[in-house]
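Written out below as structure tokens is the structure these notes cover.
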Amino acid sequence: MKLRARMNEILDKLSLDGVLITDGYNMRYVSGFAGATGYLYVTRERNAILTDFRYTIQAELEAPDWEIIEVGSGRDYAALINELLKADRIEKLGFEGESTLYTDYAKLSEVLEVKELVSVGDEITNLRQVKTPEELEFSKKAEAIGDIAFSKILDIIKPGITELEIAAHLEFLMKTNGADNLSFDTIVASGVNSSMCHAVPTNKKVENGDFLTMDFGCKYNGYCSDMTRTIVVGKASDEQKKIYQTVLDAQLKALDFIKAGQKGKDVDKVARDYIYTAGYEGCFGHGLGHSTGLFIHENPRYSMTEENTVEENVVMTVEPGIYIKDFGGVRIEDMICVTKDGHVNYTSSEKKLIEL
């Protein structure tokens, strides 16, 4: 009921008679339906899922309080939506302009029989920012699965194993310890490849003396985890130890600073200033963190340009890094829940430099 009231608030705010929801993550959040095809049709009086025969049973199970309308019998989605628009006397219809392709918008504007189509911007997506207690538990569980995978992968890594093999082992470990799926494509980067923030795993073999960065995550009941750990295979050089410690200290300073109500750019600045002052200006080229939820990269962000504040019960990553071309890089990432006076860290894996 609370979510229903918030949807009505969006309709009132934008003076809409109804809204079509097409973003898959928003469809799941608003209704519970996680199918791959369909629309949510929401007015003040009606909550309906429009989908085809492949997903009707799933929709009934996942969204028992919603009306399920099957497209078919010669009707396409446009014809079905027009029937509903006419029956419900909808004149001003909202759509998700932030995620709708222009070609889809052009088709909707051509075929839908309404006086006005209005983008709702990110109004619906923003409903997902502050997590419920249940969502927090799902996020925490997903990150715990990542912790298990990290602890077990340390027994597998050795010189001669490839980046692709490590990635495959991590994914297997997450899925066999309770994950629904992966949050994103696993990143495993060794040696000079670790200087690339989002390196794609290759057939490169791990060698003694390599930095090895592993960035991985999974989903539990649809909610994403995200963690990064960097280790050294063999003995670390003095320069590797210095870089690693700088990144770790930057992360710890940011974590100590974090609490609800801060602008994202102010949190980012804490870690960034520390890294730059240590002599690595220009070597930290991405934001400090992002929110996670049903999707891996949600808003708000911890970044140099984020003016929005991060509120209580928002799940965030904190992931500073240093990347040096032709040498290597380090990233350390935890996933946290922001609280009124600080944070709860959902990541428990070791952060001191591990030398295998």
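Residues take their numbers from the sequence shown, with the count starting at 1.
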**OP:** Quick one: list whatever passes salt bridge (Lys or Arg N to Asp or Glu O under 4.0 Å) with Asp249, sequence neighbours left out.
**Re:** none
**OP:** Sequence neighbours left out, what pairs pass ring-ring contact (aromatic ring centres under 6.0 Å, His included) with at least one residue falling in residues 146-182?
**Re:** none
**OP:** Just jot down the ring pair (Phe, Tyr, Trp, His ring centres under 6.0 Å) partners of His290, sequence neighbours excluded, or say none.
**Re:** His297
Subject >> Thr292 vs Met316 side-chain heavy atoms within contact, under 4.5 Å >> reply: no
Subject >> Donor + acceptor pair across side chains of Tyr41, Asn47 (<3.5 Å) >> reply: no
Original post:
When you measure from the side chain of Asp52 to the backbone N and O of Arg54, does any donor-acceptor pair fall under 3.5 Å?
Top reply: yes
Original post:
Taking the inter-plane angle between the rings of Tyr102 and Tyr105 on a 0 to 90° scale, is it parallel (under 30°), tilted (30 to 60°) or perpendicular (over 60°)?
Top reply: tilted
Original post:
Hey, is the main chain of Met304 close enough, under 3.5 Å, to the side chain of Arg272 for a donor-acceptor pair?
Top reply: no
Original post:
Who are the salt bridge (Lys or Arg N to Asp or Glu O under 4.0 Å) partners of Arg28, not counting sequence neighbours?
Top reply: none
Original post:
Tell me the salt bridge (Lys or Arg N to Asp or Glu O under 4.0 Å) pairs involving residues 173-199, sequence neighbours left out?
Top reply: none
Subject >> Test item: side-chain donor near acceptor, Glu163 and Asn193, under 3.5 Å >> reply: yes
**OP:** For Asp12 and Arg44, run salt bridge (charged side-chain N to carboxylate O under 4.0 Å, His left out): C-alpha distance rounded to whole Å, both residues' side-chain angles, the deciding distance at 0.1 Å, then the answer.
**Re:** CA-CA 10 Å; Asp12 292 340; Arg44 289 173 182 80; 2.8 Å; yes
Original post:
For the side-chain contact (heavy atoms from CB on, under 4.5 Å) test, which of Ser139, Ser183, Cys218 pairs with Tyr223?
Top reply: Ser139
Original post:
Got a sec, which residues hit salt bridge (Lys or Arg N to Asp or Glu O under 4.0 Å) with Lys158, two or more places apart in sequence or on another chain?
Top reply: none
Original post:
For residues Thr125 and Asn26, is any side-chain donor paired with an opposing acceptor at under 3.5 Å?
Top reply: yes
Subject >> Residues in ring pair (Phe, Tyr, Trp, His ring centres under 6.0 Å) contact with Phe295, at least two apart in sequence or another chain >> reply: Tyr25
Identify all side-chain donor-acceptor contacts of residues 230-238 below 3.5 Å with residues at least two apart in sequence or on another chain.
| unit_1 | atom_1 | unit_2 | atom_2 | d |
| --- | --- | --- | --- | --- |
| Thr230 | OG1 | Thr213 | OG1 | 3.0 |
| Thr230 | OG1 | Arg331 | N | 3.1 |
| Thr230 | OG1 | Arg331 | O | 2.9 |
| Ser237 | OG | Gln240 | N | 3.1 |

Original post:
Is there a path of hydrophobic side-chain contacts, each under 4.5 Å between heavy atoms of I, L, V, M, F, W or Y residues, that connects Val270 with Ile258?
Top reply: yes
Subject >> Flag for Thr186-Glu171: side-chain donor and acceptor within less than 3.5 Å >> reply: yes
Original post:
Is there a chain of hydrophobic side chains (I, L, V, M, F, W, Y, each step under 4.5 Å between heavy atoms) that links Met196 to Phe327?
Top reply: no
Original post:
Taking the six-membered ring for Trp, is the centroid-to-centroid distance between Phe284 and Tyr323 below 6.0 Å?
Top reply: no
**OP:** May I have all residue pairs that pass salt bridge (Lys or Arg N to Asp or Glu O under 4.0 Å) and include part of residues 289-311, sequence neighbours excluded?
**Re:** Arg128-Glu298, Lys131-Glu298, Lys263-Glu307, Lys265-Glu307
**OP:** Could you list all the salt bridge (Lys or Arg N to Asp or Glu O under 4.0 Å) pairs where at least one residue sits in residues 141-150, not counting sequence neighbours?
**Re:** none
Subject >> Shared hydrophobic cluster, Leu14 / Val19 (ILVMFWY, side-chain heavy atoms < 4.5 Å) >> reply: yes
Original post:
Can you get from Leu127 to Val310 by hopping between Ile, Leu, Val, Met, Phe, Trp and Tyr side chains that sit under 4.5 Å apart?
Top reply: no
Original post:
Any side-chain heavy atom of Val114 sitting closer than 4.5 Å to one from Asp17?
Top reply: no
Subject >> Residue that, paired with Val30, satisfies side-chain contact (heavy atoms from CB on, under 4.5 Å) out of Ile49, Asp23, Leu40 >> reply: Leu40
Original post:
For the side chain of Ser31 and the backbone of Phe33, is there at least one donor-acceptor N/O pair under 3.5 Å apart?
Top reply: yes
**OP:** Using salt bridge (Lys or Arg N to Asp or Glu O under 4.0 Å) as the criterion, list what pairs up with Lys13, not counting sequence neighbours.
**Re:** Glu123
Subject >> Residue pairs passing the salt bridge (Lys or Arg N to Asp or Glu O under 4.0 Å) test where at least one lies in residues 90-118, sequence neighbours excluded >> reply: Glu91-Lys115
Original post:
Do you reckon Leu11 sits in the same ILVMFWY cluster as Leu84, going by side-chain contacts under 4.5 Å, direct or chained?
Top reply: no
